[in-house]
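Have a look at the structure below before the remarks.
Here the structure is a predicted model, which means the values were calculated and not measured.
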Amino acid sequence: MMGAVAEAIRGKLEAAFSPSRLELIDDSDRHHGHAGHSGAGESHFTLRIEAEAFAGKARVMRQRMVMKALADELAGPVHALSIVATAPGEA
């Protein structure tokens, strides 16, 4: 079951990129005691997303695109987001 932050992230990514693959993992429990971990969860995530929108774009540009779509979450409850963004057919 996903929390409210994960639901918001998924919704925004689906709206922005229409991904063919979207995997979002809440890693918050692995960061207990680290900076940005409030104990409430949904503060640290790993994202794997595949979308046509990333075709022909450099890795840094893809990450910037994702970060722009999630600006509100990154300014608020999300402390860390690991991003792997690929275009269809890429490994």
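In this structure, Ser20 OG and Ile49 CD1 are separated by 8.5 Å, a value rounded to the nearest 0.5 Å. Rounding to the nearest 0.5 Å gives a distance of 12.0 Å between CD of Glu42 and CG of Asp27. Atom NE2 of His44 is separated from atom CD1 of Ile25 by 14.5 Å, given to the nearest 0.5 angstrom.
Using a distance-only test at 3.5 Å, with no hydrogens or angles considered, no donor-acceptor pair links the side chain of Thr46 to the main chain of Ser82.
Listed by chain and residue number, nothing satisfies the ring pair (Phe, Tyr, Trp, His ring centres under 6.0 Å) test with Phe45 (two or more places apart in sequence, or in another chain). For Arg64, the side-chain contact (heavy atoms from CB on, under 4.5 Å) partners are Val60, not counting sequence neighbours.
Listed by first and then second residue, the salt bridge (charged side-chain N to carboxylate O under 4.0 Å, His left out) pairs involving residues 65-82 are Lys12-Asp72, Lys12-Glu73 (not counting sequence neighbours). Listed by first then second residue, pairs satisfying salt bridge (charged side-chain N to carboxylate O under 4.0 Å, His left out) with a partner in residues 77-91 read Arg62-Glu90, not counting sequence neighbours. For residues 7-28, the set of pairs meeting the ring pair (Phe, Tyr, Trp, His ring centres under 6.0 Å) definition, not counting sequence neighbours, comprises Phe17-Phe54. Among pairs with a residue in residues 46-61, those fulfilling salt bridge (charged side-chain N to carboxylate O under 4.0 Å, His left out) read Glu23-Arg48, at least two apart in sequence or across chains.
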Residues 3-10 side chain polar contacts: donor-acceptor under 3.5 Å, at least two apart:
{"residue": "Arg10", "atom": "NH2", "partner": "Leu22", "partner atom": "O", "Å": "3.4"}

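Using a 4.5 Å heavy-atom threshold, the side chains of Met67 and Ile83 count as touching. Val84 places none of its side-chain heavy atoms less than 4.5 Å from the side chain of Leu47.
Smallest separation of non-hydrogen atoms from Ser28 and Ser43: OG-N, 2.8 Å.
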